[in-house]
Number of protein chains: 2
Amino acid sequence: MSSIRYALLTLLAREPLSGYDIKLQMNSRIGPFWKVGSNQVYPELSKMEGEGLIRLQGTEQHAYRPVRKLYEITEAGREALIQWTLERGGVETVRDDFLLKAYNSWLVKPEEMAAQIEEVKKQHEERLAAYVAKVEELTAMLDAPDSHDPIASTISVVEFGIQYERLYIEWCEKLLKKE
Amino acid sequence: MSSIRYALLTLLAREPLSGYDIKLQMNSRIGPFWKVGSNQVYPELSKMEGEGLIRLQGTEQHAYRPVRKLYEITEAGREALIQWTLERGGVETVRDDFLLKAYNSWLVKPEEMAAQIEEVKKQHEERLAAYVAKVEELTAMLDAPDSHDPIASTISVVEFGIQYERLYIEWCEKLLKKE
DNA sequence: ACCCACATGTAAGGAGTTACATGATTAC
DNA sequence: GTAATCATGTAACTCCTTACATGTGGGT
């Protein structure tokens, strides 16, 4: 279960990063799929360093700022990540508040629900636009289609995001028609 | 934030239920969207009873078994649920392990990843079949299309599930082609 | 004046998982 | 005899969210 550590390793397998970098990438690149707060990143990095999954590559100091600690993945970390990647797990629960709210739509006035649906739809349209831009950016970076290129893997995942947002938007439209 | 209490109220708004009933319904009807364990259900029911959102409708005793406590929603509970339903919230994070694993596919041998993808695809196909059966069952129960019928709301949510599983399966197939 | 970006971290608490405890009954 | 179903509940634990704390420079 404990997947946050694999989320960190996933990013570190590609390039050395600081805790702050990881936090930023989580909230943009694989953004809406995974999120972490600083409270989880820093203690987890320490733990993982203690277990030999990552090591401190070096530190940087820019003027007045706190020391920036760059971590890199170790061979043991890479192996642990590969093992986890091939491990099988159960299907996840979706756990989306709005699905529950839709389940309650029979309780409220149709016009009030419609306003709510429109709002949710708008949020997902914004995400869709961000994903589409991301895929275009990534595709430009990838010259040859190669399944061993990390960028190709990233594109696949973001494409899932695009399909998901499209489905969500279409579903919202179907709900609006029913009201 | 997204608290379990509204999930309980959502079910109780439709019919009086015991904690055990709620647990069962969570793991079948709105199943893979939400889940609860008994550790959460029973304390939360007590809390909600104390706050006047639900009340004990009565108890049943079948032979040797523990007393079955049936709860029903109160007017205050209904109002709280309606308010929450119309409240706006942010978009949720998807948080699916397999998306992270796919993000790591560049690290592993294509044939090993393919086996993993096939396995995941199979799990989602099983879910899809369950949802399709559920929708058919619900549609048969609904005679007139009416947006104030709770069954209509349920169908909408399960239809989301169907679309989601289909998208997941198609995405798996696309991954397999890329390998 | 005030907030944001940078970069590390801690604290408090709520949410969620896994396992356990009771105890008779039915099914393999 | 082993497990599952019914029905309640507790215990121990991990995970995740929200907020705080530090401290300077740059933008509005």
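Letters go in sequence order (proteins before strands), and every chain restarts at 1.
- Side-chain N/O atoms of B:Arg95 and A:Ser3 include no donor and acceptor closer than 3.5 Å.
- Residue pairs that meet the salt bridge (Lys or Arg N to Asp or Glu O under 4.0 Å) test with at least one member in residues 73-88 of chain B, sequence neighbours left out, are A:Glu119-B:Arg88.
- If you measure from atom CD of B:Gln25 to atom C1' of D:dC6, you get 16 Å, rounded to the nearest angstrom.
- Residues B:Gln40 and B:Lys23 are not in side-chain contact: their nearest non-hydrogen atoms beyond the backbone lie 4.5 Å or more apart.
- In this structure, the CD atom of B:Gln61 is 16 Å from the P atom of D:dC6, given to the nearest Å.
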Would you please test B:Glu72 and B:Arg55 for salt bridge (charged side-chain N to carboxylate O under 4.0 Å, His left out) and show each step? CA-CA 6 Å; B:Glu72 65 181 345; B:Arg55 85 168 70 88; 2.9 Å; yes
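- Rounded to a whole Å, the CZ atom of A:Arg5 is 16 Å from the C1' atom of D:dC16.
- A:Trp171 contributes no side-chain N or O that, together with a main-chain N or O of A:Arg166, makes up a donor-acceptor pair within less than 3.5 Å.
- In this structure, A:Arg95 reaches the C:dG16 phosphate: one of its side-chain N or O atoms is under 4.0 Å from OP1 or OP2.
- Rounded to an integer number of Å, the gap from CG of B:Asn27 to P of D:dT5 is 12 Å.
- A:Asp96 is linked by a salt bridge (Lys or Arg N to Asp or Glu O under 4.0 Å) to nothing, counting only residues two or more places apart in sequence or in another chain.
- Residues forming a salt bridge (Lys or Arg N to Asp or Glu O under 4.0 Å) with A:Glu173 (at least two apart in sequence, or on another chain): A:Lys121.
- The distance between atom CG of A:Asn39 and atom C1' of D:dC15, rounded to the nearest whole Å, is 10 Å.
- Every residue two or more places apart in sequence or in another chain was checked for a side chain to side chain donor-acceptor pair (under 3.5 Å) with A:Tyr71, and none qualifies.
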What pairs of nitrogen or oxygen atoms, one from the protein and one from nucleotides 4-8 of chain C, lie under 3.5 Å apart?
residue : atom : partner : partner atom : Å
C:dC6   : O3'  : A:Arg65 : NH1          : 3.1
C:dA7   : OP1  : A:Arg65 : NH1          : 3.4
C:dT8   : OP1  : A:Lys69 : N            : 2.9
C:dT8   : OP2  : A:Tyr20 : N            : 2.7
C:dT8   : OP2  : A:Tyr42 : OH           : 3.2

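- A:Glu44 places its CD atom 7 Å from the P atom of D:dC15, with the value rounded to the nearest Å.
- Atom-to-atom, CD1 of B:Ile4 to P of D:dC15 comes out at 18 Å; the value is rounded to the nearest Å.
- Within the helix from C:dA1-D:dT28 to C:dC28-D:dG1, the inter-axis angle between the opening and closing five-pair segments is 40°, rounded to 10°.
- Nucleotide D:dC16 holds its C1' atom 11 Å from the CH2 atom of A:Trp34, rounded to whole Å.
- For the pair A:Arg68/A:Thr59, no side-chain contact is recorded, criterion being any heavy-atom separation below 4.5 Å from C-beta on.
- Residue-to-nucleotide proximity on DNA chain C shows that, of B:Gly37 and A:Gln40, the 5′-proximal contact is made by A:Gln40.
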